[in-house]
**Q** 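This structure is in structure tokens; I'll ask about it shortly.
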Amino acid sequence: MSDSITLKSAISRKILVINCGSSSLKFTLFDTDKEGYSANGQVDRIGSGTPMGLSYEGAGAKFDKDTEAGDHKVAFAAMLKELTDKEHGVIENPDDISAVGHRVVHGGDAFYETVILTDEVIAKIEEISGLAPLHNPVNIVGIREAMKVFPNAKHAAVFDTAFHHTMPDYAFLYGLPYEYYSEKKIRRYGFHGTSHRFVSIKAAEFVGKKPQELKIISCHLGNGGSIAAINGGESVDTSMGLTPAEGVIMGTRAGSIDPAILLYLMDNYKMSSADLNKLLNKQSGLLGLSGISNDMRDVKRGAGEGNKRAIAAIKTFGYGIKKYIGAYMAALGGVDIIIFTGGIGLSNDDTRIDALIGLENLGIKLDLEKNLKANGTKTVAEVSAADSKTKILVIRTNEELMIAIETLAKL
């Protein structure tokens, strides 16, 4: 695990980071000789039967346009066309790419760190795809296509779950018969690990200490959200579980609920596993509670207009975060830094207030003026009051850079 946010190499390297979804392809290209990224973009509406959308930024150009309809193969070709364009491209040909870092959601019990991709590794990722059926299979599609487009580059898998493999067994075990863990690997894995790792290192840099010296609670809050307890640079607990459905309520996910509710719904509403999956992952959370949207900005507008369901959704969201913060303070035996990141964590001062209000007696005190000004910070903003015993930081995460750093470390 890297304890640095610097992408440096004695040999000049160009590293392409790929995040492949079922209908989108996100890409960012880094050059170890330069600060920041050289190019980034996204191809969306993959497989929709309609023209795909392409956004691109690089070599002084920035644009959005439609391109031909197609599958992931066509999307990768569209990406390569822009990266090698004579006017705004940043490479001459595919061989300029030294390595490709792939975001892979679930590493299961098999992968504890970034790995160079081989046929055996890909087969193992396929084997554990049942733990993340919506994510891992399409991650593999992206890996296979990228290997065709960049055949001479090294390819590495960076797993969302890897950072959390330092959790002790008493934190990751569920209260089921032990055989479900030992034989079926049903346990808490946690997600957003790349983001939690990045912001925890960034926080340590900001306060002038090493990650090993700090107790940190990291709140990654976006359409998906998770909280992590980080002790001495290692994850010791996190809110997401076997899947990304557990924990705080999210844009469309219910978060943690009484499991007997599912039995009740099955018995009384004849809901199938597919029905329950749709309910828990697509119809719940901010969307289900507010009846307005999964987007916090829309829900806030509704609350401002007096919509009681929107107000309840916002309060439930913040209260859930507060409970995790309290629990993780107990797990850590105190906290030095609380971090807010992700789309909501970065840009919503109200959420930070809801999550921390009333914790003043625990040494956690916001500066309300700093908190308001921190919305959308480009780097790191401190929002704790001068007399707060705990530092409260708002940090813009950069998972792409972290993936590039982890990939470079494996070369």
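The chain is numbered in sequence order, starting from 1.
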**Q** Run the numbers on Asp33 and Arg13 for salt bridge (Lys or Arg N to Asp or Glu O under 4.0 Å), then give the verdict.
**A** CA-CA 8 Å; Asp33 291 338; Arg13 309 269 195 179; over 6 Å; no
**Q** Side chains of Leu408 and Ile15: closer than 4.5 Å at any heavy-atom pair?
**A** yes
**Q** Should Glu82 and Phe63 count as side-chain neighbours, where that means a heavy-atom distance under 4.5 Å?
**A**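 Yes, side chains in contact.
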**Q** Can you give me the closest heavy-atom contact between Val380 and Phe206, atom names plus distance?
**A** CG1-CD1, 3.6 Å
**Q** Looking only at side chains, do Ser388 and Thr390 share a donor and an acceptor under 3.5 Å apart?
**A**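 No, no side-chain donor-acceptor contact under 3.5 Å.
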**Q** Verify side chain to side chain donor-acceptor pair (under 3.5 Å) between Asp349 and Asn371, making sure each step is shown before the conclusion.
**A** CA-CA 6 Å; Asp349 56 289; Asn371 185 48; 4.6 Å; no
**Q** So does Gly232 get a backbone contact from the side chain of Glu234, meaning a donor-acceptor N/O pair under 3.5 Å?
**A** no
**Q** When you look at Phe163 and Ile230, which way does the side chain to side chain contact (heavy atoms under 4.5 Å, CB included) test go after all the steps?
**A** CA-CA 10 Å; Phe163 180 59; Ile230 303 168; 3.9 Å; yes
**Q** Can you tell me if Ser55 uses its side chain to pair, donor with acceptor, with the backbone of Gly41 under 3.5 Å?
**A** no
**Q** Given 3.5 Å as the limit, does a donor-acceptor pair link the side chain of Ser9 with the main chain of Ser12, or not?
**A**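 Flag not set: sc Ser9 to bb Ser12 has no pair under 3.5 Å.
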**Q** Determine, for Glu400 against Arg103, whether the closest basic-nitrogen to carboxylate-oxygen distance falls under 4.0 angstrom.
**A**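 No, this pair does not count.
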**Q** Could you check whether any side-chain heavy atom of Asp237 comes within less than 4.5 Å of a side-chain heavy atom of Phe172, counting everything from C-beta outward?
**A**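 No, too far: nothing below the 4.5 Å cut-off.
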**Q** Is Ser284 reaching over with its side chain to a backbone N or O of Leu279, donor-acceptor style, under 3.5 angstrom?
**A** yes
**Q** I'd like to know if the side chain of Asn223 pairs up with that of Asn294 as donor and acceptor (distance under 3.5 Å, no hydrogens or angles considered).
**A** yes
**Q** Do Asp298 and Ser293 meet the criterion of a side-chain donor-acceptor pair at a distance under 3.5 Å?
**A** yes
**Q** State, yes or no, whether a side-chain contact exists between Phe76 and Ile18 at a heavy-atom distance under 4.5 Å.
**A** yes
**Q** Any sub-3.5 Å donor-acceptor pair from Ser218's side-chain atoms to Ile339's backbone N or O?
**A** no
**Q** Check whether any side-chain N or O of Arg45 sits under 3.5 Å from a backbone N or O of Pro51 as a donor-acceptor pair, and report yes or no.
**A**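 A pair under 3.5 Å: yes.
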**Q** Take Glu369 and Lys373 through the salt bridge (Lys or Arg N to Asp or Glu O under 4.0 Å) test and state the conclusion after the steps.
**A** CA-CA 6 Å; Glu369 184 176 349; Lys373 290 180 178 178; 3.2 Å; yes
**Q** Which label fits His106 and Phe191: parallel for a plane angle under 30°, tilted from 30 to 60°, or perpendicular past 60°?
**A** perpendicular
**Q** If you count every heavy atom of other residues, nucleotides or ligands that lies below 6.0 Å from Tyr180 atom OH, does the total exceed 12?
**A**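 No.
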**Q** How close do Gly108 and Ile128 get, heavy atom to heavy atom, and via which atoms?
**A** N-CD1, 3.7 Å
**Q** Just wondering, do Thr341 and Ser195 contact through their side chains at under 4.5 Å, heavy atoms?
**A** yes
**Q** Within this structure, what is the CG-NZ distance for the pair Asp96 and Lys14, rounded to the nearest 0.5 Å?
**A**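 If we round to the nearest 0.5 Å, Asp96:CG and Lys14:NZ are 5.5 Å apart.
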**Q** Would you say Arg144 and Asn139 are linked by a side-chain donor-acceptor pair, where the criterion is simply a distance under 3.5 Å?
**A**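 Side-chain D/A pair, Asn139 to Arg144: absent.
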**Q** Side chains of Thr161 and Arg188, heavy atoms from C-beta outward: is any pair under 4.5 Å?
**A** no
**Q** Is there a side chain to side chain contact (heavy atoms under 4.5 Å, CB included) between Val100 and Lys154 once you walk through the steps?
**A** CA-CA 6 Å; Val100 182; Lys154 292 285 188 181; over 6 Å; no
**Q** To check you understand the geometry: which heavy-atom pair defines the closest contact between Lys370 and Ser384, and what is its length?
**A** NZ-O, 3.9 Å
**Q** When rounded to the nearest 0.5 angstrom, what is the spacing between NZ in Lys365 and CG in Leu359?
**A** 13.0 Å
**Q** Is there a donor-acceptor contact under 3.5 Å from the side chain of Ser24 to the main chain of Cys20?
**A**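 Side chain of Ser24 to backbone of Cys20, a donor-acceptor pair under 3.5 Å: no, none is there.
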**Q** What is the minimum heavy-atom distance between Val138 and Gly21, and which atoms define it?
**A** CG2-O, 3.2 Å
**Q** Would you check if the side chain of Arg309 reaches a backbone N or O of Leu289 as a donor-acceptor pair within less than 3.5 Å?
**A**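 Such a contact is found between Arg309 side chain and Leu289 backbone.
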**Q** Output yes when Lys210 and Glu213 qualify as a salt bridge under the 4.0 Å nitrogen-oxygen rule, no when they do not.
**A** no
**Q** First locate atom CG of Leu83, then atom OG of Ser38, and finally report the distance between them rounded to the nearest 0.5 Å.
**A** 10.0 Å
**Q** Would you check if the side chain of Arg352 reaches a backbone N or O of Gly345 as a donor-acceptor pair within less than 3.5 Å?
**A** yes
**Q** Has Lys185 got more than 12 heavy atoms of other residues, nucleotides or ligands less than 6.0 Å from its NZ?
**A**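 Above 12, so yes.
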**Q** The test is side chain to side chain contact (heavy atoms under 4.5 Å, CB included); show your working for Val199 and Met402 and say whether it passes.
**A** CA-CA 10 Å; Val199 296; Met402 198 74 238; over 6 Å; no
**Q** Just by distance, no angles: are the side chains of Glu57 and Tyr37 close enough, under 3.5 Å, to form a donor-acceptor pair?
**A** yes
**Q** Salt-bridge test for Lys410 and Glu406: reply yes if a basic N is under 4.0 Å from a carboxylate O, no otherwise.
**A** no
**Q** Can Ser22 and His135 be said to form a side chain to side chain donor-acceptor pair (under 3.5 Å), step by step?
**A** CA-CA 8 Å; Ser22 59; His135 299 95; over 6 Å; no
**Q** More than 12 heavy atoms of other residues, nucleotides or ligands under 6.0 Å from OH of Tyr319: is that the case?
**A**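 Not buried by this count: 12 neighbours or fewer within 6.0 Å.
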**Q** Verify side chain to side chain donor-acceptor pair (under 3.5 Å) between Glu183 and Tyr178, making sure each step is shown before the conclusion.
**A** CA-CA 8 Å; Glu183 297 175 12; Tyr178 191 79; over 6 Å; no
**Q** Quick one, Ile216 and Asp336 - any side-chain contact, counting heavy atoms below 4.5 Å?
**A**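 No, their side chains stay 4.5 Å or more apart.
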**Q** State whether Lys73 and Asp71 are salt-bridged, where the test is any N-O pair (Lys NZ or Arg NE/NH1/NH2 against Asp/Glu carboxylate O) under 4.0 Å.
**A**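 No.
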**Q** Given side chain to side chain contact (heavy atoms under 4.5 Å, CB included), test Phe317 with Ile344 step by step and report yes or no.
**A** CA-CA 11 Å; Phe317 180 76; Ile344 296 174; 4.0 Å; yes
**Q** Which value, rounded to the nearest 0.5 Å, describes the distance between Lys62 atom NZ and Asn40 atom CG?
**A** 8.5 Å
**Q** Does atom NZ of Lys8 have more than 12 heavy-atom neighbours, drawn from other residues, nucleotides or ligands, at distances under 6.0 Å?
**A**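 Check passes, neighbour count above 12.
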**Q** For Lys300, is the NZ atom crowded, meaning more than 12 foreign heavy atoms sit under 6.0 Å from it?
**A**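 More than 12 within 6.0 Å, yes.
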**Q** Under a 4.5 Å cut-off applied to non-hydrogen side-chain atoms, are Thr166 and Tyr112 in contact?
**A**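 No; the side chains remain at least 4.5 Å from each other.
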**Q** At what distance, to the nearest 0.5 angstrom, does CD1 of Ile217 lie from CG of Asn231?
**A**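 If I round to the nearest 0.5 Å, the distance is 10.5 Å.
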**Q** Check the angle between the aromatic planes of His102 and His155 and answer parallel, tilted or perpendicular using the 30° and 60° thresholds.
**A**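 Rings of His102 and His155: parallel, under 30°.
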**Q** Do other residues, nucleotides or ligands put more than 12 heavy atoms under 6.0 Å from Asn361 CG?
**A**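 At most 12 heavy atoms, drawn from other residues, nucleotides or ligands, come within 6.0 Å of this atom.
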**Q** What is the ring orientation for His165 with Tyr189, classed by angle as parallel under 30°, tilted 30 to 60°, or perpendicular over 60°?
**A**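 Perpendicular: the ring planes of His165 and Tyr189 meet at over 60°.
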**Q** Examine the side chains of Thr397 and His192 and answer whether a donor and an acceptor come within less than 3.5 Å of each other.
**A** no
**Q** Would you mind checking if Asp354 and Lys322 are paired as a salt bridge, meaning a charged N to carboxylate O distance below 4.0 Å?
**A** no
